[in-house]
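A quick write-up on the structure given underneath.
Whatever order the structure lists them in is the order used to number ligands and atoms, beginning at 1.
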Amino acid sequence: MRKWIVAGNWKMHNTVAESIALAEAIKNGAAKFQGGKIVLAPPFTALFHVSEVIKGTNLLLGAQNVHNEEKGAFTGEISPVMLKDIGCTYVIIGHSERRKYFHEQDNNVNLKVKKALTTGLIPIMCVGETDEERLKGITNDVVGRQVKQGLKEVEKIDSVVIAYEPVWAIGTGKVATAAQAQEVHAFIRGILKNILGSNAADDVCILYGGSVTKNNIGDLISMADIDGALVGGASLKADEFIGIIKEIAGKK
Ligand code: PEP
């Protein structure tokens with residue numbers, strides 16, 4: 001059966017010193033929460049230092065992006081082999097900020113997911129509709145397309161973590177209601193069931209992301225198909241992040 005996951009996406013925040021301090025504070029508060037996975041995704045520049053802080057603990061390292069080639073003339077890019085080498089277990093792929101500002105599309109996401117898996121990294125593949133798409137009533141079309149295209153010809157789909165992150169909820173303070181999120185999570189699990197069969201689909205972790213805080217996670221995490229959270233802003237404050245872990249560990 002699937003276990004809960006709480007992942008903190010620090011985005012483009014924190015120097016090395018700030019990252020070490022935050023990782024230390026989270027480590028001290030989160031050590032007691034067993035039974036699930038806690039992932040820290042600092043900026044690339046702090047991956048090594050954070051890996052040193054969390055070595056031997058229940059915290060795992062994640063990166064925020066990856067290239068789909070192992071090596072080569074791709075100035076400024078980071079390969080999955082490099083992430084593995086530095087101690088990453090997870091990598092966030094297809095975050096809406098990557099899709100919006102860096103023009104990543106479903107085919108890029110798909111290539112990255114495949115390469116991450118063959119390198120031994122666990123992809124956290126992000127999907128989600130914009131405000132406009134929700135208002136038009138095409139949420140399922142958009143999310144369905146992103147899930148199917150992102151997982152096209154992927155061999156170990158049951159190793160992928162999916163994060164449903166409605167774009168209108170990211171960094172806006174406008175969290176989805178538990179019912180809204182559950183509806184999309186169940187829809188995603190339905191797609192996985194069609195591809196993988198029921199048992200394997202039940203093992204896939206589907207995270208909710210979008211303005212999660214320790215005060216609003218309780219209702220969300222009580223939903224059957226919500227298996228954890230991908231947290232942005234609130235993961236930058238140790239107290240908030242630990243509060244979210246506590247709620248999730250207590251309810252799942
Ligand atoms: C995110 O960036 O993945 C995210 C969910 O951000 P926030 O929690 O700040 O909305």
Item checked: Atoms in ligand 1 with a heavy atom of Gly233 nearer than 4.0 Å -> 7 (P), 8 (O), 9 (O)

Item checked: Where ligand 1 meets Ala169 - atom numbers and elements under 4.0 angstrom, heavy-atom basis -> 10 (O)

Next item on the list: Check each atom of ligand 1 against the heavy atoms of His95 and keep those under 4.0 Å away; list them by number with element.
Entry: 1 (C), 2 (O), 3 (O)

Margin query: For Glu129 and Tyr164, which I'm curious about, is there any donor-acceptor pair between the side chains at under 3.5 Å?
Written below: yes

Next item on the list: Check whether any N or O atom of Thr172, backbone or side chain, sits under 3.5 Å from an N or O atom of ligand 1, and answer yes or no.
Entry: no

Item checked: Backbone or side-chain N or O of Gly232 under 3.5 Å from ligand 1 N or O -> yes

Note to self: If you count heavy atoms of other groups shown closer than 6.0 angstrom to CZ of Phe48, is the number above 12?
What the structure shows: no

Next item on the list: Can you establish whether the number of heavy atoms outside Glu183 located under 6.0 Å from its atom CD is more than 12?
Entry: no

Next item on the list: Please check if the side chain of Arg99 supplies one atom and the backbone of Cys126 the other of a donor-acceptor pair under 3.5 Å.
Entry: yes

Next item on the list: Return yes if a side-chain donor-acceptor contact under 3.5 Å exists between Lys112 and Asn65, otherwise no.
Entry: yes

Checklist line | Contacting atoms of ligand 1, where contact means under 4.0 angstrom from a heavy atom of Gly210 | finding: 5 (C), 10 (O)

Next item on the list: Give a yes or no on whether the backbone of Lys11 and the side-chain of Gln64 come within a donor-acceptor separation of less than 3.5 Å.
Entry: yes

Item checked: Distance from atom 5 (C) of ligand 1 to nearest protein heavy atom, with residue and atom -> Glu165 OE2, 3.0 Å

Check: Just which atoms of ligand 1 are under 4.0 Å from any heavy atom in Gly171?
Finding: 7 (P), 9 (O), 10 (O)

Margin query: Residue-level breakdown please: for Asn9 versus ligand 1, do any non-hydrogen atoms fall below 4.0 Å on the side chain, on the backbone, on both, or on neither?
Written below: side chain

Next item on the list: Give the numbers and elements of all ligand 1 atoms closer than 4.0 Å to a heavy atom of Lys11.
Entry: 1 (C), 2 (O), 6 (O)

Notebook entry, point to check: Which residue pairs pass the salt bridge (charged side-chain N to carboxylate O under 4.0 Å, His left out) test when at least one of the two sits in residues 144-163, sequence neighbours left out?
Noted result: Asp106-Arg145, Lys114-Glu153

